[in-house]
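To keep things clear, I will list the structure first and then write my remarks on it.
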Number of protein chains: 2
Amino acid sequence: MWLSTKTRYGLKAIYEIGMHEKSPIALNTIASKHEISLSYLEQIIALLKKDGLIRSTRGPHGGYSLAKPPEKIYVGDIIRALEGSYAPTECVEENDLCNLRTSCVTHYVYKKINDSITEVVDHMTLKDLMDQML
Amino acid sequence: MWLSTKTRYGLKAIYEIGMHEKSPIALNTIASKHEISLSYLEQIIALLKKDGLIRSTRGPHGGYSLAKPPEKIYVGDIIRALEGSYAPTECVEENDLCNLRTSCVTHYVYKKINDSITEVVDHMTLKDLMDQML
DNA sequence: ATTAAATCCGAGTACACTACTGGGAATTAG
DNA sequence: CTAATTCCCAGTAGTGTACTCGGATTTAAT
């Protein structure tokens, strides 16, 4: 289990925000629905806001809403905002020097894994999740 | 970076074992080549042995060799032996109850990720790594 | 203006897990 | 017998995750 609660809670949260289309949704609602502490959820949601995926309205009847249409929000962006990176090893991290070297056999494995994850998450949007039948 | 040193060192180690085809290779050799402590490497290698990927010869001139031909050793088996599991979340772990439910939207994401990793690692053998040109 | 609902912000903390170190026993080739 | 090697078990420092807590700021409604 290498995805943290940040990502797991955060993904559920942005999904809820997307589904609550008409008006901003308060964190309280999401927190109690998913039994997450409000304080913790605040910290998580801040990561999504920092990366420009959601925007906030303060004061009563405030809350959060999507910053762009759900078909333009990629699951990859969400995970990167929340988790930071999903690279299996440091050596396939974006700005790692090892990327330039081909001398390491195992690097090949990690790169393939990383690429396949990227393929999945960068071709899946929040809208895809919202459109899913349950 | 969600693959532990166990997996990273262990993968390098089994690669070395594979490349040293003629006779068993001593851990000492691998440990000093890759600057890993012998004690730690012993613990890692034990995981590979437990899962029947390598076998050992004790005493002088002893060491480790592959338990089967490298084209029958899948990278997936190696990683599972070392890491335990590469599932992004508990809910896509093999024996998790959530597998049966379809009620969770985010589950869909995790399953896709997990499947794509499986696709990569279960179609790559140790031989593929050994055959790679450097 | 006051109140209350909400976001925003920063500090602190318990626990689990990773990445080791160390000591010593068992096996076996020469 | 000796030395090289695997095997086995116990401990431990440090890191990171998953939170809790307290309070400041903004703003709609009365």
Side-chain angles (χ1 to χ4, degrees), chain A residues 1-14 16-17 20 23-51 53-67 79 82-90, chain B residues 1-14 16-17 20 23-32 34-51 53-67 79 82-86 88-90:
Chain A
M1 169 141 79
W2 48 270
L3 283 180
S4 65
T5 57
K6 273 186 190 168
T7 296
R8 276 144 48 218
Y9 294 164
L11 188 53
K12 281 190 176 174
I14 199 171
E16 294 288 346
I17 293 170
H20 200 267
S23 58
I25 184 174
L27 280 197
N28 227 328
T29 314
I30 302 175
S32 50
K33 178 164 178 183
H34 292 285
E35 291 178 331
I36 312 170
S37 105
L38 178 60
S39 275
Y40 192 32
L41 188 56
E42 282 174 344
Q43 294 169 34
I44 293 168
I45 226 79
L47 298 168
L48 295 171
K49 197 190 170 192
K50 185 162 66 64
D51 276 24
L53 303 176
I54 56 175
R55 57 191 164 71
S56 63
T57 317
R58 300 178 75 167
H61 299 128
Y64 294 88
S65 35
L66 299 182
I79 296 180
L82 294 164
E83 197 71 26
S85 155
Y86 48 74
T89 57
E90 209 179 356
Chain B
M1 169 142 79
W2 48 271
L3 284 179
S4 65
T5 56
K6 274 187 190 168
T7 297
R8 276 143 49 214
Y9 294 165
L11 188 54
K12 281 190 176 174
I14 198 170
E16 295 288 346
I17 294 169
H20 200 267
S23 57
I25 184 174
L27 279 199
N28 227 328
T29 314
I30 302 175
S32 50
H34 291 285
E35 293 178 331
I36 313 169
S37 104
L38 178 60
S39 273
Y40 192 33
L41 188 55
E42 282 174 345
Q43 294 169 35
I44 293 168
I45 226 78
L47 298 168
L48 293 171
K49 196 189 170 193
K50 185 161 66 64
D51 277 24
L53 302 177
I54 56 175
R55 58 190 162 70
S56 63
T57 317
R58 301 178 75 166
H61 300 129
Y64 294 88
S65 36
L66 299 182
I79 295 180
L82 294 163
E83 197 70 25
S85 155
Y86 48 73
T89 58
E90 209 179 358

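First the proteins, then the strands, lettered A, B, ... as listed; each starts at 1.
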Starting at [atom1] of [X], measure out to [atom2] of [Y] and round the result to the nearest 0.5 Å.
{"X": "B:Ile25", "Y": "B:Ile30", "atom1": "CD1", "atom2": "CD1", "result": "4.5 Å"}
{"X": "B:Arg8", "Y": "B:His34", "atom1": "CZ", "atom2": "NE2", "result": "13.5 Å"}
{"X": "B:Leu82", "Y": "B:Leu3", "atom1": "CG", "atom2": "CG", "result": "9.5 Å"}
{"X": "A:Ile17", "Y": "A:Ser65", "atom1": "CD1", "atom2": "OG", "result": "8.0 Å"}

Rounded to whole angstroms, how far apart are [atom1] on [X] and [atom2] on [N]?
{"X": "B:Met1", "N": "C:dC17", "atom1": "CE", "atom2": "C1'", "value": "15 Å"}
{"X": "B:Lys6", "N": "C:dC17", "atom1": "NZ", "atom2": "P", "value": "11 Å"}
{"X": "A:Leu48", "N": "C:dC8", "atom1": "CG", "atom2": "P", "value": "12 Å"}
{"X": "A:Tyr64", "N": "C:dA5", "atom1": "OH", "atom2": "C1'", "value": "13 Å"}
{"X": "B:Glu90", "N": "C:dC17", "atom1": "CD", "atom2": "P", "value": "11 Å"}

Worksheet entry | Non-hydrogen atoms of B:Glu90 and A:Met1 that approach each other most closely | N-SD, 3.2 Å
Donor-acceptor pairs are to be reported for all side-chain atoms of residues 36-51 of chain B against protein atoms at under 3.5 Å, with residues two or more places apart or in another chain.
unit_1	atom_1	unit_2	atom_2	d
B:Ser37	OG	B:Tyr40	N	3.1
B:Tyr40	OH	B:Thr5	OG1	2.8
B:Lys49	NZ	B:Ser56	OG	3.1

Fill in: Sugar-phosphate, base or nothing in reach of B:Lys50, heavy atoms under 4.0 Å
nothing
Practice prompt. Check every strand shown and say whether A:Ile45 touches a base, only sugar-phosphate, or nothing at a heavy-atom separation below 4.0 Å.
Written response: nothing
Worksheet, complete the sentence: chain B reaches DNA chain D, atoms under 4.0 Å from its heavy atoms, from D:dA3 to D:dA10
Worksheet item: Can you tell if the side chain of A:Pro24 reaches within under 4.5 Å of the side chain of A:His61, non-hydrogen atoms only?
Response: no
Worksheet item: So do the side chains of A:Trp2 and B:Pro88 get within less than 4.5 Å of each other, counting heavy atoms only?
Response: yes
Worksheet entry | Contact pattern, 5' to 3', of nucleotides 20-30 of chain C - B, S or - by protein heavy atom under 4.0 Å | BBB---BBBBS
